[in-house]
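Presented below is the structure to which this report refers.
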Amino acid sequence: QVQLVESGGGLVQAGGSLRLSCAASGRTFSNYAMGWFRQAPGKERIFVAHISRLGSSTYYTDSVKGRFTISRDNAKNTLYLQMNSLKPEDTAVYYCAASREVAVTTVPREYAYWGQGTQVTVSS
């Protein structure tokens, strides 16, 4: 069992930045690849970014490439998402998730553990 708790969300103007954090506890954090997903009101949860177990590789959905950076600190059991140049369409609840899969996966059902989410609102 892995427990995940997100923080760092909030209200920001378009063009601004936020850094989300996801604190993990329970089983060994470095045994899991990690992902960030987001869900806007009335829409399905979609993939944002993925990072491998040791942080050596990352993968992003096209809409956030060059603006968002996923990283992790395995010594602190923490996952991060640095979000720059934010746009109103980035508004959503952001979730971190842990996956046992070795390969990159963008499918929510392949992530075994989820946090409760943190709200990000970008005003125009």
Side-chain angles (χ1 to χ4, degrees):
Q1 192 80 327
V2 176
Q3 292 78 42
L4 302 172
V5 179
E6 302 96 335
S7 62
L11 173 64
V12 63
Q13 289 188 331
S17 298
L18 282 174
R19 188 175 83 153
L20 305 183
S21 298
C22 172
S25 61
R27 297 196 174 183
T28 304
F29 182 59
S30 59
N31 285 347
Y32 297 85
M34 299 296 296
W36 285 100
F37 289 76
R38 65 187 181 188
Q39 187 168 16
K43 298 189 176 181
E44 64 182 18
R45 192 170 300 187
I46 61 172
F47 170 81
V48 175
H50 175 278
I51 189 166
S52 60
R53 289 178 292 180
L54 299 183
S56 57
S57 65
T58 58
Y59 181 78
Y60 300 91
T61 192
D62 285 347
S63 63
V64 308
K65 283 180 182 176
R67 300 189 299 123
F68 290 12
T69 302
I70 188 172
S71 62
R72 66 191 296 165
D73 185 337
N74 287 345
K76 295 182 178 180
N77 292 341
T78 304
L79 174 74
Y80 303 99
L81 185 68
Q82 178 67 44
M83 306 186 294
N84 299 328
S85 302
L86 282 160
K87 304 175 180 181
E89 51 264 42
D90 294 318
T91 295
V93 177
Y94 282 71
Y95 298 89
C96 64
S99 172
R100 300 186 186 96
E101 300 293 328
V102 175
V104 174
T105 176
T106 65
V107 180
R109 67 174 179 271
E110 294 184 345
Y111 287 79
Y113 303 104
W114 292 82
Q116 83 290 347
T118 186
Q119 176 70 47
V120 172
T121 303
V122 184
S123 63
S124 57

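- Grouping the Ile, Leu, Val, Met, Phe, Trp and Tyr side chains by contacts below 4.5 angstrom, directly or via other members, places Tyr113 with Phe29.
- Minimum interatomic distance between Arg45 and Tyr95 (heavy atoms only, all atoms of both residues): NH2-CZ, 3.4 Å.
- Annotation for Leu54 and Arg72: closest pair C-CD, 4.5 Å, computed over non-hydrogen atoms.
- Using a 4.5 Å heavy-atom cutoff, the side chains of Met83 and Leu20 are in contact.
- Taking both residues in full, the closest heavy atoms of Ala92 and Ala40 are given as CB-N, 3.9 Å, listed atom of the first, atom of the second, then distance.
- With a 4.5 Å cut-off on side-chain heavy atoms, Thr69 and Tyr60 count as touching.
- Residues Ser124 and Pro88 come closest through the heavy atom pair CB-CG, 3.8 Å.
- In this structure, CD1 in Ile70 is found 7.5 Å from NE2 in His50, a value given to the nearest 0.5 Å.
- One N or O on the side chain of Ser99 and one on the backbone of Glu110 form a donor-acceptor pair closer than 3.5 Å.
- No side-chain heavy atom of Glu6 sits less than 4.5 Å from a side-chain heavy atom of Tyr94.
- Note on Trp114: it does not cluster hydrophobically with Met34, by side-chain heavy-atom contacts below 4.5 Å among ILVMFWY residues.
- Salt-bridge check for Asp90 with Lys87: failed, with every basic side-chain N at 4.0 Å or more from each acidic carboxylate O.
- Contact check for Thr91 versus Arg38: no side-chain heavy atoms found under the 4.5 Å cut-off.
- In this structure, the side chain of Tyr111 does not engage the main chain of Cys96 through any donor-acceptor pair within 3.5 Å.
- Once rounded to the nearest 0.5 Å, the distance linking CG of Leu18 with CD of Gln82 reads 8.5 Å.
- Placement of Val122 and Val48 within a single hydrophobic cluster is found when ILVMFWY residues are connected by side-chain heavy-atom separations under 4.5 Å, directly or transitively.
- Annotation: side chain of Leu4 is not in contact with side chain of Leu79 (no heavy-atom distance under 4.5 Å).
- Note: Trp36 and Phe68 fail the aromatic proximity criterion, with ring centroids not under 6.0 Å apart.
- The shortest side-chain heavy-atom distance between Ser123 and Gln13 falls under the 4.5 Å cut-off.
- With a 6.0 Å radius and a threshold of 12 heavy atoms from other residues, nucleotides or ligands, Tyr59 has its OH atom at or below the threshold.
- Contact record, Asp73 with Tyr80: CB-CE1, 4.1 Å, taken as the closest heavy-atom pair.
- Taking both residues in full, the closest heavy atoms of Asn74 and Ser30 are given as ND2-CB, 3.4 Å, listed atom of the first, atom of the second, then distance.
- Atom NZ of Lys43 sits in a sparse spot, with 12 or fewer heavy atoms from other residues, nucleotides or ligands closer than 6.0 Å.
- Distance check: Arg53 CZ to Arg100 CZ gives 12.5 Å after rounding to the nearest 0.5 Å.
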